[in-house]
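Throughout, protein chains are lettered first and strands after them, A, B, ... in sequence-line order, and every chain is numbered starting at 1.
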2 protein chains.
Amino acid sequence: MVLEIPMGKRLPIPSTLKDVANSANVSIPIVSRVLSGNPEVRVSADTRQRILKAAKSLSYHPNASARSLKAKRTYTLALFVPDVGNPVIPEIIRGVEAGAQSAGYAAFVSHLDEKAVSEQRYLTWLQEGRFDGLILATARLEDSIVEDLVRSRRPFVLVNRRESSTNMHITVDDAAGARIAINHLVELGHRRIAHLAGPLMFDTSLRRLQGYRQELDAHGIAYDSSLVQEYSWQTWEGGKVAMKRLLQGKKPPTAVFASNFMGAVGALGALKEFGLKIPEDFSLVGLHDSPIAEVIDPPLTVVKMPLHEMGRRAAEILINILEDRPCVIPQVLTPEGLVMRKSTAPCRCLS
Amino acid sequence: MVLEIPMGKRLPIPSTLKDVANSANVSIPIVSRVLSGNPEVRVSADTRQRILKAAKSLSYHPNASARSLKAKRTYTLALFVPDVGNPVIPEIIRGVEAGAQSAGYAAFVSHLDEKAVSEQRYLTWLQEGRFDGLILATARLEDSIVEDLVRSRRPFVLVNRRESSTNMHITVDDAAGARIAINHLVELGHRRIAHLAGPLMFDTSLRRLQGYRQELDAHGIAYDSSLVQEYSWQTWEGGKVAMKRLLQGKKPPTAVFASNFMGAVGALGALKEFGLKIPEDFSLVGLHDSPIAEVIDPPLTVVKMPLHEMGRRAAEILINILEDRPCVIPQVLTPEGLVMRKSTAPCRCLS
DNA sequence: TTGAAAGCGTTACCAG
DNA sequence: CTGGTAACGCTTTCAA
């Protein structure tokens with residue numbers, strides 16, 4: 001079955017203020033004022049009726065381009081995300097949308113693929129005024145891009161990423177998140193706790209590693225660099241491979257803290273391949289929650305981060321800048337806490 | 001740590017054609033022609049140089065609102081999706097973006113939450129000309145909305161959903177997908193094959209059920225309505241509950257075909273709870289692939305649907321309409337086929 | 001209470 | 001080759 005689109009499917013010619021004015025036998029400005037919805041405007045009841053009727057029958061809708069040309073604003077925010085497939089992204093998206101919507105702004109999402117081409121694209125769009133402000137939720141981002149952004153002097157907020165060239169960012173407290181995970185494992189009696197670290201070129205990865213070391217320290221456990229493996233986020237395989245390397249070490253760990261959700265799932269696969277039973281033989285804690293975490297086998301214990309709030313705050317900050325209102329907003333958000341499921345248990349070394 | 005935004009962080013005043021014209025000592029129209037990038041325009045090398053230099057030093061960027069006001073076009077498409085968290089959505093998004101981008105259009109995604117408020121929102125935006133066309137990738141959608149859409153005479157395409165009031169839709173061949181799944185199971189020797197059906201108010205669910213029955217028929221297997229359970233998409237729990245009901249029946253099945261990815265994962269949970277080993281004791285086939293399918297335990301055998309292509313085609317159709325070009329495009333896309341992993345095996349009843 | 005006029009930044013159409 | 005003028009649809013003065 002094929003869909004045939006014939007030519008000449010004329011697009012509708014939208015009606016304008018002028019059309020409505022003509023139809024109602026009034027001038028354009030009045031129509032504008034009446035239809036702008038401001039209840040303050042003083043017009044005779046009769047005129048208002050005529051205008052409203054005409055607008056309805058012509059199914060008038062104000063033209064967004066004309067409006068923004070005049071207002072020098074689009075009341076639109078754009079959110080760029082690295083990978084819509086990453087399970088933590090939806091939460092951020094929803095947060096941004098909530099924040100934007102409650103302030104009367106629209107928020108659109110665009111996907112940033114690998115191609116460098118697209119990296120420039122959003123800067124251009126921003127500079128063309130297609131939207132008023134930008135939220136970037138991506139760890140992999142060339143520094144030069146951020147510098148261009150700063151130089152453009154357009155409003156933007158970095159989400160989940162810090163950058164020396166600007167303080168316009170909002171993040172979660174990654175170190176604290178890691179500490180929560182490690183503390184949980186230590187309390188279960190684990191001593192050889194491994195860490196699947198994200199790419200150490202990302203500051204979020206670095207902070208998680210830092211939290212891992214801090215908490216180990218706090219419990220008097222010596223740091224063993226052979227228990228830390230770096231892996232690539234973005235794929236489900238990275239965590240698996242890294243976990244295998246960990247298990248092949250001479251003194252393998254009894255527990256692991258994976259620095260993102262995908263890594264945790266990958267690690268799970270590796271553990272099973274090695275015939276380890278979770279949580280009896282081995283404990284696993286992930287960072288970032290996701291609906292899938294509940295339904296995989298075993299359901300994953302994770303540290304939940306305030307991703308929704310982070311998104312919402314990012315939108316709020318941006319809008320405050322746009323409306324030139326001062327604001328004071330916490331910039332580093334506290335983890336929501338541990339979500340205990342079935343992937344952690346007391347260390348066998350205790351028995 | 002808090003982020004303080006002081007007042008008076010003046011937004012930059014973008015430079016305009018006029019600024020460039022003044023700076024280069026030429027008229028506005030020439031600047032427009034030179035900067036529009038069309039290599040055909042004939043200008044003296046000297047003028048061109050001056051203009052280019054001025055534009056650069058003023059970091060000029062054309063104003064998108066002004067352009068679209070003039071052109072009556074935004075060269076922007078909007079894609080509305082029901083739930084960014086649903087693992088099949090990213091693939092569609094990428095398809096739409098690819099299709100849009102290759103035709104010089106931008107594509108933005110917006111998330112359609114439960115609130116009825118937001119259901120009207122995108123229609124309004126479309127009518128305001130915030131974007132030229134709309135792609136709707138949502139099964140749950142009130143009929144009245146589609147009717148409003150048709151009435152608005154604005155271009156739109158429905159993805160993965162048919163609707164009597166319009167032929168502007170592109171779908172995958174759900175029945176064929178179901179047949180592939182069932183055929184695979186039958187070939188493995190299964191005879192009591194259950195089906196986890198999506199909400200039967202969606203035509204996609206109906207077609208999958210239909211394909212299930214057709215293929216059973218084709219193999220001379222009697223249809224047993226007790227082997228079909230309806231469940232809710234959108235949550236990970238629905239499939240689990242439905243699968244349990246199936247397993248508690250008097251003559252339980254030996255295999256199941258789940259009508260979406262989430263349902264398959266949910267079913268997996270139920271099967272494990274019942275102590276069934278997959279695939280030795282029970283076979284499971286899902287519909288729609290996802291990167292997670294490879295990494296869960298066991299890796300899921302699924303029927304892969306051309307979601308990316310569906311998105312790309314949707315964008316193509318829309319753009320053809322917008323540019324008033326005739327086009328003929330297949331409207332029902334053939335499944336890409338079976339992706340065999342580890343969740344299906346020959347029926348034990350054979351041994 | 002209403003309307004005329006100007007202008008937002010761009011492009012298209014003519015003249016020069 | 002170049003530039004003046006008009007127009008896109010809307011809002012905002014300012015007069016009437």
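Within 6.0 Å of CZ in R42(B) there are 12 or fewer heavy atoms belonging to other residues, nucleotides or ligands.
Every residue was checked against the salt bridge (Lys or Arg N to Asp or Glu O under 4.0 Å) condition with R154(A), not counting sequence neighbours, and none meets it.
Distance CG/L52(A) to CG/L35(A): 6.5 Å, rounded to 0.5 Å.
E147(A) has no carboxylate O lying under 4.0 Å from a charged side-chain N of R151(A), or vice versa, which leaves the two without a salt bridge.
Here T47(A) lies in heavy-atom contact (under 4.0 Å) with sugar-phosphate atoms only. Within the 4.0 angstrom heavy-atom criterion, no nucleotide atom of any strand lies near S68(B).
Using a 4.5 Å heavy-atom cutoff, the side chains of E323(A) and I319(A) are in contact. Using a 4.5 Å heavy-atom cutoff, the side chains of L134(B) and Y122(B) are in contact.
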If the sugar-phosphate is the primed atoms plus P, OP1 and OP2 and the base is the rest, what is the B/S/- string for nucleotides 9-16 of chain C, using protein heavy atoms under 4.0 Å? BBBBB---
Given the rule in the side-chain contact (heavy atoms from CB on, under 4.5 Å) test, do H169(B) and R161(B) qualify, once you have shown the distances and angles that lead to the verdict? CA-CA 7 Å; H169(B) 53 77; R161(B) 159 165 224 226; 6.0 Å; no
Test I89(B) against D83(B) for side-chain contact (heavy atoms from CB on, under 4.5 Å), laying out the working first. CA-CA 8 Å; I89(B) 296 295; D83(B) 177 10; 5.5 Å; no
Taking it one step at a time, do L79(B) and S110(B) satisfy side-chain contact (heavy atoms from CB on, under 4.5 Å)? CA-CA 6 Å; L79(B) 166 63; S110(B) 187; over 6 Å; no
Given side-chain contact (heavy atoms from CB on, under 4.5 Å), test Q101(A) with R121(B) step by step and report yes or no. CA-CA 11 Å; Q101(A) 204 175 343; R121(B) 208 178 43 175; 3.5 Å; yes
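Residue pairs meeting the side-chain hydrogen bond (donor to acceptor under 3.5 Å, both in side chains) criterion with at least one member in residues 70-79 of chain B, sequence neighbours excluded: R130(A)-T76(B), T74(B)-D132(B).
Between F80(B) and F108(A), the ring planes lie perpendicular to each other; the angle is over 60°, past the 30° to 60° tilted range.
Without hydrogens or angle criteria, R325(A) side chain to N320(A) main chain gives no donor-acceptor distance under 3.5 Å.
The terminal axes of the helix from dT1(C)-dA16(D) to dG16(C)-dC1(D), fitted over 5 pairs per end, subtend an angle of 50° to the nearest 10°.
Using a 4.0 Å cut-off on heavy atoms, none of the residues of residues 50-59 of chain B approach DNA chain C.
Chain B approaches DNA chain D over the interval dC1(D) to dG9(D), counting the first and last nucleotide 5' to 3' with an atom under 4.0 Å from its heavy atoms.
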